[in-house]
Amino acid sequence: MGFCSSSLSSSAAAHAKPPTVTLHSDLISLRIAVSQTASLQCCYSSEADLNVNWTLTVMITHNDSVVMNVNQTDKRMHVVPESENNQGVKCSSLQIQNVSVKDRGLYRCALHHTSSSFSVHTPGTFLQVFEPMEKVLDISESWKNSIITAEGVLLLLCVLIPGTMLIFKSKGLHELERRKGKEEENIYEGLNLDDCNSTYHQIQRSQVQGPYHDVSNAVEEDIEFEKP
């Protein structure tokens, strides 16, 4: 009888109804520098009691990956006890202290229901670990602000000085044009317009007569014989 009851209970557990689980969105990725502490979290909603295990998925090749359980024996790894808020959302947290480049990968929660052999993984968070660049010049923030201010002043001077020179140059050109106009006015002030007109008409009459003249007429006009 004991054997029969044991087999019946195990059969009932195998055919138990799987629980209803609602997975909440996780942080897609977390980028953190080497030697800092990474805090990861997975949340879900379910009335059933589920076992939560953290897993790490590491890409070996472009199409191949390996899923492994997080090594909780590592002193850097610390799983915070599961908590539940007023809305029935249960969250499990994983803290990784003094992270290294080897800790990169996809961290997910594996939820297991023992009675129904139900298992599901949360979306997970991809942990990115980078090595910060070393500072070439280790200067304080006050010095940085002073350098930026000096650069701004130099840039302002580079804009103002050429502009000021162009303004003075344009003023000098206007002054020269004004003086040139006054000199031309002074030249024409000393001229007699009537004399200029008479001279202009004489030139016009000489051009009308042509380059050749009647020699006989010129002699008669210019030569006068003295009477005896």
Side-chain angles (χ1 to χ4, degrees), residues 13-14 16-152 155:
K17 183 179 180 181
T20 301
V21 180
T22 302
L23 300 178
H24 297 276
S25 59
D26 297 334
L27 184 66
I28 297 176
S29 64
L30 177 63
R31 192 168 185 266
I32 195 168
V34 173
S35 300
Q36 293 186 355
T37 301
S39 296
L40 307 173
Q41 189 179 56
C42 66
C43 297
Y44 66 96
S45 298
S46 178
E47 295 181 355
D49 293 330
L50 303 178
N51 296 325
V52 180
N53 294 320
W54 281 89
T55 62
L56 172 61
T57 303
V58 180
M59 297 295 296
I60 298 176
T61 62
H62 183 69
N63 296 321
D64 193 8
S65 61
V66 174
V67 180
M68 63 186 76
N69 291 325
V70 172
N71 185 11
Q72 297 186 15
T73 59
D74 190 346
K75 294 181 179 180
R76 300 181 304 112
M77 305 288 182
H78 178 62
V79 178
V80 180
E82 187 177 84
S83 61
E84 183 177 357
N85 59 14
N86 297 330
Q87 297 178 353
V89 178
K90 302 176 182 179
C91 295
S92 177
S93 300
L94 172 65
Q95 292 183 355
I96 307 174
Q97 299 177 351
N98 194 20
V99 296
S100 63
V101 179
K102 296 180 180 180
D103 295 327
R104 292 181 296 187
L106 179 63
Y107 288 84
R108 298 187 297 172
C109 286
L111 308 179
H112 300 281
H113 188 240
T114 306
S115 301
S116 61
S117 300
F118 174 79
S119 178
V120 66
H121 281 81
T122 59
T125 301
F126 189 84
L127 179 62
Q128 301 178 5
V129 182
F130 67 94
E131 296 181 358
M133 296 180 60
E134 296 182 358
K135 295 182 179 179
V136 179
L137 296 175
D138 190 7
I139 56 178
S140 61
E141 293 296 329
S142 60
W143 273 103
K144 290 180 182 179
N145 295 332
S146 301
I147 293 172
I148 294 173
T149 303
E151 290 179 351
L155 181 60

Considering all heavy atoms of both residues, which atom of T55 and which atom of A110 are nearest to each other, and what is their separation?
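Closest approach of T55 to A110, heavy atoms only: CG2-CB, 4.1 Å.
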State, to 0.1 Å, how close L106 and G124 come at their nearest heavy-atom pair, and which atoms those are.
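So the two residues come closest at CD1-C, 3.9 Å.
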Could you state the interatomic distance from [atom1] ([X]) to [atom2] ([Y]), rounded to the nearest 0.5 Å?
{"X": "N53", "Y": "C109", "atom1": "CG", "atom2": "SG", "value": "9.0 Å"}
{"X": "I96", "Y": "L56", "atom1": "CD1", "atom2": "CG", "value": "8.0 Å"}
{"X": "N51", "Y": "H113", "atom1": "CG", "atom2": "NE2", "value": "9.0 Å"}
{"X": "D64", "Y": "M59", "atom1": "CG", "atom2": "CE", "value": "7.5 Å"}

Set of side-chain contact (heavy atoms from CB on, under 4.5 Å) partners for [X], sequence neighbours left out:
{"X": "V21", "answer": "P19, L23, Y44, S46, L50, L111, F118"}
{"X": "N71", "answer": "T73, D74"}
{"X": "S146", "answer": "none"}

Which pairs, with at least one residue in residues 98-123 and sequence neighbours excluded, count as a salt bridge (Lys or Arg N to Asp or Glu O under 4.0 Å)?
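The answer is R76-D103.
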Please check if the number of heavy atoms outside I28 that lie under 6.0 Å from its CD1 is greater than 12.
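Not buried by this count: 12 neighbours or fewer within 6.0 Å.
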Got a list of side-chain donor-acceptor pairs under 3.5 Å for residues 33-43, not counting sequence neighbours?
none

Which pairs with one or both residues in residues 83-92 pass side chain to side chain donor-acceptor pair (under 3.5 Å), sequence neighbours excluded?
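Pairs touching residues 83-92 that pass the test: W54-S92.
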When you measure from the side chain of T125 to the backbone N and O of L27, does any donor-acceptor pair fall under 3.5 Å?
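Yes; at least one donor-acceptor contact below 3.5 Å.
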